[in-house]
J.: 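Dropping a structure here in structure tokens format, bear with me for questions.
Predicted, not measured: the structure shown is a model, and the values here were computed from it. Chain A is the first sequence line, chain B the second, and so forth, proteins listed ahead of strands; every chain is numbered from 1.
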Number of protein chains: 2
Amino acid sequence: MADEPPHERADAARNRDAILAAASRLVDEVGVEGLSMDCVAHAAGVGKGTLFRRFESREGLMAAVLNRSETEWQSAVLAGPPPLGPGAAAYDRLLAMGHSRLRLNVTHGALIKAATGSSGARSRAAAAFAIMHVRYLLGELGVDGDLPLLAIAILAPLDITMIEQQQADDVTLERIEAAWDDLVRRVVAG
Amino acid sequence: MADEPPHERADAARNRDAILAAASRLVDEVGVEGLSMDCVAHAAGVGKGTLFRRFESREGLMAAVLNRSETEWQSAVLAGPPPLGPGAAAYDRLLAMGHSRLRLNVTHGALIKAATGSSGARSRAAAAFAIMHVRYLLGELGVDGDLPLLAIAILAPLDITMIEQQQADDVTLERIEAAWDDLVRRVVAG
DNA sequence: GGTTTAAACGGACCGCGGTCCGTTTGCATT
DNA sequence: AATGCAAACGGACCGCGGTCCGTTTAAACC
């Protein structure tokens with residue numbers, strides 16, 4: 001445990017909360033695109049340097065803002081009511097997970113893209129969770145093969161960039177969902 | 001036909017070529033990341049306004065630079081030697097296409113990401129070609145279902161962002177390729 | 001309470017992508 | 001050759017993300 005030696009200073013903690021609150025509010029007010037770091041700094045009553053000290057980059061700040069809903073989703077998957085959470089058959093859980101993830105990617109699309117900049121290291125952890133979960137469900141279903149990569153392949157079409165590509169062609173969410181269900185069926189059937 | 005009414009002025013054409021040549025050279029020299037629009041403009045001997053007039057944005061310029069190798073690949077798929085080109089069995093062509101696309105995405109990763117900015121409209125056309133081709137091959141193989149969306153699902157794991165995600169976990173290209181082959185087998189098997 | 005020190009702070013500063021607008025220039029018409 | 005004009009040009013300009021460094025301050029120790 002080691003009880004994390006480096007104490008976090010009180011003002012630092014206060015500022016971090018202020019920044020996150022301001023950022024969340026501004027995202028709701030002016031949208032992800034129309035949000036500048038100067039603006040967040042001013043709204044939080046801190047200097048720009050402080051902002052970058054805590055969150056490293058715009059991408060990092062967006063990831064932090066996104067983090068709350070992301071962990072919410074994770075706990076819904078891990079411990080929420082079925083069929084998303086435990087208690088339902090693995091196949092149903094897998095389908096529920098995909099549908100839920102699809103909706104989440106659509107509603108938080110702008111935020112997710114902003115949090116997945118060039119490096120992308122930021123949101124890798126979030127993706128890893130979904131991959132691990134799918135991998136686990138595939139195992140439960142008795143699927144054999146390279147499960148981690150198969151999990152990635154199943155999740156890839158749900159990515160926001162893929163969804164936007166399809167929406168540009170006026171494909172409805174229902175159709176995307178149905179096609180994804182079909183994909184899962186084929187993969188699981190082996 | 002209409003013989004395109006708006007004549008392209010001679011200086012405009014000359015400048016466009018100069019810009020593209022300079023941009024291609026600089027991409028090779030300093031890489032995609034280390035390339036600034038001012039730098040390209042100066043190297044091409046034109047003003048920055050001219051550069052943005054022709055290519056609209058950095059993303060657009062990158063797409064134009066990428067375009068040459070992209071069309072090369074497309075003609076290899078449409079009319080090159082088998083198994084990538086016509087003449088081989090549809091299933092072999094599908095596998096060859098995936099492998100080829102995977103390698104291309106890896107080697108041109110930085111350029112592709114730079115050409116696929118926030119709007120993404122730039123490189124939508126390139127993606128559409130691959131989708132159409134996979135859709136056609138799936139049809140030849142007698143696969144039934146929502147072929148356009150199934151084609152997207154097959155191509156999605158080959159996307160550069162997915163590949164980089166896997167490479168961050170030290171997954172080799174050979175393993176990615178094998179897992180993708182397995183995915184294709186499952187999808188085609190129905 | 002006073003002293004010390006490492007951490008946090010903040011805003012001036014930089015280079016970049018992108019825009020704007022006054023100026024120049026290719027080309028058609030006479 | 002002279003004229004007219006739409007199109008192309010180019011560089012000053014703007015806001016943004018990100019960095020740097022001199023200044024301030026929380027908190028541990030005496």
Side-chain angles (χ1 to χ4, degrees), chain A residues 3-20 22-23 26-27 30-65 110-111 113-122, chain B residues 3-20 22-23 26-27 30-65 110-111 113-122:
Chain A
D3 215 54
E4 87 276 17
H7 254 55
E8 182 183 34
R9 259 167 58 169
D11 54 346
R14 191 168 4 101
N15 279 337
R16 203 211 2 241
D17 291 348
I19 291 170
L20 269 179
L26 283 175
V27 164
V30 302
V32 176
E33 315 300 336
L35 179 155
S36 77
M37 296 299 267
D38 290 89
C39 180
V40 172
H42 185 265
V46 303
K48 221 205 299 202
T50 301
L51 207 160
F52 278 92
R53 161 180 297 272
R54 308 304 289 183
F55 298 99
E56 195 169 337
S57 65
R58 183 191 154 96
E59 183 186 330
L61 178 59
M62 296 306 178
V65 171
L111 207 46
K113 285 204 297 182
T116 315
S118 40
S119 87
R122 253 340 120 179
Chain B
D3 215 56
E4 89 275 20
H7 255 55
E8 183 183 36
R9 258 166 57 166
D11 54 346
R14 190 167 6 100
N15 279 338
R16 201 205 12 234
D17 290 349
I19 291 170
L20 269 179
L26 284 175
V27 165
V30 301
V32 175
E33 315 299 337
L35 180 155
S36 76
M37 296 298 267
D38 290 88
C39 179
V40 173
H42 185 264
V46 303
K48 221 204 306 200
T50 302
L51 207 161
F52 279 92
R53 161 181 296 274
R54 308 305 287 183
F55 297 99
E56 194 168 338
S57 66
R58 183 191 153 94
E59 183 186 330
L61 177 59
M62 296 306 177
V65 170
L111 206 47
K113 283 204 296 181
T116 315
S118 41
S119 88
R122 260 328 129 177

J.: When rounded to the nearest 0.5 angstrom, what is the spacing between NZ in B:Lys113 and CD in B:Glu33?
T.: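 B:Lys113 NZ to B:Glu33 CD: 7.0 Å, rounded to 0.5 Å.
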
J.: Under 4.5 Å between any side-chain heavy atoms of B:Arg54 and B:Asn15, yes or no?
T.: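 Not in contact.
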
J.: Could you measure the distance from the OG1 atom of B:Thr116 to the CD atom of B:Glu59? Nearest 0.5 Å is fine.
T.: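 Taking OG1 in B:Thr116 and CD in B:Glu59, the distance rounds to 7.0 Å.
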
J.: Where does the chain A footprint on DNA chain C start and end, counting 5' to 3' with a 4.0 Å heavy-atom cut-off?
T.: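 Under 4.0 Å from chain A, the extent on DNA chain C is C:dA7 to C:dG11.
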
J.: Do B:Arg16 and B:Phe55 come close enough that some side-chain heavy atom pair is under 4.5 Å?
T.: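 The answer is yes; the side chains approach within 4.5 Å.
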
J.: Quickly work out the B:Glu56 CD to D:dA8 P distance and round it to whole Å.
T.: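 Taking atom P of D:dA8 as the reference, CD of B:Glu56 is at 15 Å.
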
J.: Any non-hydrogen side-chain atom of A:Arg58 less than 4.5 Å from a side-chain atom of A:Leu35?
T.: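 Yes - at least one pair of side-chain heavy atoms lies under 4.5 Å apart.
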
J.: Please list, in numerical order, the residues of residues 31-39 of chain A that have a heavy atom closer than 4.0 Å to any atom of DNA chain D.
T.: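 Per residue number, the list reads A:Leu35, A:Ser36, A:Met37.
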
J.: Could you measure the distance from the CE atom of A:Met37 to the CG atom of A:Leu51? Nearest 0.5 Å is fine.
T.: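 Between atom CE of A:Met37 and atom CG of A:Leu51 there are 4.5 Å.
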
J.: Between B:Phe52 and B:Arg9, just flag the one whose closest nucleotide in DNA chain C comes earlier from the 5' side.
T.: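 Final value for this comparison: B:Phe52.
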
J.: Mind checking the NE2-CG spacing from B:His42 to B:Leu26? Nearest 0.5 Å is all I need.
T.: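 One finds 11.5 Å between NE2 of B:His42 and CG of B:Leu26.
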
J.: Distance from A:Glu8 atom CD to A:Arg14 atom CZ, nearest 0.5 Å?
T.: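 Taking CD in A:Glu8 and CZ in A:Arg14, the distance rounds to 11.0 Å.
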
J.: Pick base, sugar-phosphate or nothing for B:Arg58, based on heavy-atom distances below 4.0 Å to the nucleic acid.
T.: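 If one applies the 4.0 Å heavy-atom cut-off, B:Arg58 turns out to touch the sugar-phosphate alone, with no base involved.
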
J.: Relative to the 5' end of DNA chain D, which residue comes earlier, A:Lys48 or A:Arg53, by the nucleotide with the nearest heavy atom?
T.: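 Counting from the 5' end, the first nearest nucleotide belongs to A:Lys48.
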
